[in-house]
Amino acid sequence: MATKKKTARAKPKRRLNQPLGGNQMPRFGGPATMMRLPQAASAKGLDVGFVGIPLDTGTSNRAGARHGPRQIRAESCLIRPYNMATRASPFDTLQIADLGDIAINTFHLPKSMAIIERAYDEILAHGCKTLTLGGDHTITYPILKAVRKRFGRLGLVHVDAHADINDTMFGEKINHGTPFRRIVEAGLVDGKRCVQIGLRGSGYADDDFDWSRRQGFRVVQAEECWHKSLAPLMDEVREQVGGGPVYISFDIDGLDPAYAPGTGTPEIGGLTTMQALEIIRGCWGLDMVGGDLVEVSPPYDPSGNTALVGANLLFEMLCVLPGNVPRSSRAKGGR
Ligand code: MN
Ligand code: MN
């Protein structure tokens, strides 16, 4: 029987949410939340929240990313809590939950932008960081508006086949081909601390990517990534984008369609899943303040593989957020 003294001495410990284990409920059963975490109605008390944005009304070609969050959650059921490569163990130290989806207005894109920004303002006000399940890439603009208000001017790691820096598309300023032009114009990022990785394909003009370069961005075209490890690149990226808060925006079409066919604007000659892991793991040590994984369009990949890749990349983002205390660092002094 525990003595009174012992109870009094015990430090009040915060009970951290854990993903529902595969030995408690079969992985194909139970509620389909992100990583089988508890769903939370509010961000109060959370360090990190997964948020879905089922929006694809900003897409220019094949739609379907509105179904992204739900399928990413479904495919995330196989992800276990520990990162076997980096030994990150986010659920040991961070309070994490699934905050559900943002109730966007699917008939009104500009109104949806305002809804998203407001929702993120509220989440971030609780001191909770967000990892977002997209949704097409339009959503990164209102998210970053809120993130900028909370954390200040941002550095950016943007992985994509496309630069997404058009001024307008079909005369419209807000869509999935323009967010990074808007983000620069609004002063949300420090151009010198921005990198775009994986850009490729055919352009509207031969100097399409040069606008980014003129803003101070480092642009790493896909061809520069072929046939090699991106770990050395990430050593340089950390140098470039560090020194302040950093956000990662990962468009699944940055990967080759062989790995991620379920997306709206596929381009051949893309990154591998191994390179995606190197990029995200290479963000470890930066002051990461959030991330998103966008453009998963389930109708174009009935196998579910694209969403599976997306779910795993979101887990990898979780594993590089500050506050992770990798078990290896206790044992081996680093990772
Ligand atoms: Mn994009
Ligand atoms: Mn893209």
Side-chain angles (χ1 to χ4, degrees), residues 53-66 68-69 72 109 112-113 116 131-144 154 156-170 172-185 188-189 194-204 208-209 211-212 215 217 219-223 225 247-273 275-276 279-280 290-301 306-307 309-310 313-314 317:
I53 307 186
L55 177 145
D56 64 7
T57 44
T59 41
S60 54
N61 189 40
R62 315 192 296 206
R66 68 180 58 186
I72 291 170
L109 187 56
S112 292
M113 297 295 101
I116 295 167
L131 292 173
T132 301
L133 293 58
D136 75 50
H137 223 153
T138 320
I139 63 175
T140 301
Y141 178 37
I143 293 172
L144 284 196
L154 302 162
L156 177 72
V157 176
H158 170 204
V159 184
D160 205 321
H162 315 95
D164 294 350
I165 50 164
N166 294 302
D167 184 19
T168 61
M169 293 186 85
F170 231 78
E172 299 298 331
K173 291 264 190 189
I174 301 296
N175 58 70
H176 81 154
T178 63
F180 295 97
R181 170 87 61 141
R182 300 288 91 82
I183 282 160
V184 168
E185 287 172 347
L188 309 183
V189 294
C194 295
V195 61
Q196 295 182 304
I197 305 171
L199 309 195
R200 61 187 187 273
S202 45
Y204 291 91
D208 266 3
F209 301 152
W211 186 88
S212 293
Q215 313 313 311
F217 286 31
V219 175
V220 184
Q221 294 190 210
E223 292 77 6
C225 302
Y247 185 89
I248 181 166
S249 185
F250 202 116
D251 183 329
I252 200 76
D253 73 26
L255 297 183
D256 192 86
Y259 301 96
T263 194
T265 44
E267 309 282 355
I268 66 165
L271 307 180
T272 67
T273 44
Q275 289 174 318
I279 291 171
I280 299 174
D292 60 54
L293 189 292
V294 298
E295 300 284 355
V296 170
S297 180
Y300 291 94
D301 182 4
T306 308
V309 172
L313 295 185
L314 281 158
M317 289 183 198

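Order of appearance sets the numbers: ligands from 1, and atoms from 1 within every ligand.
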Does a salt bridge link D167 with R182, judged by any charged N lying under 4.0 Å from a carboxylate O? yes
Do the side-chain N and O atoms of D292 and S249 include a donor-acceptor pair separated by under 3.5 angstrom? yes
State the atom name: nearest N, O or S atom of [X] to the Mn ion (ligand 2).
| X | value |
| --- | --- |
| D251 | OD2 |
| H162 | ND1 |
| D253 | OD2 |
| D160 | OD1 |

Any N, O or S atom of [X] closer than 2.8 Å to the Mn ion (ligand 1):
| X | result |
| --- | --- |
| H137 | yes |
| D164 | yes |
| E295 | no |

Any chance you could measure H158, atom NE2, to T140, atom OG1, to the nearest 0.5 Å? 7.5 Å
Below 30° counts as parallel, above 60° as perpendicular, anything between as tilted: where do the rings of F180 and H137 land? perpendicular
Taking CD in E172 as the centre, count heavy atoms belonging to other residues, nucleotides or ligands within less than 6.0 Å. Is the count above 12? no
V294: which of L55, I139, D253 passes side chain to side chain contact (heavy atoms under 4.5 Å, CB included): I139
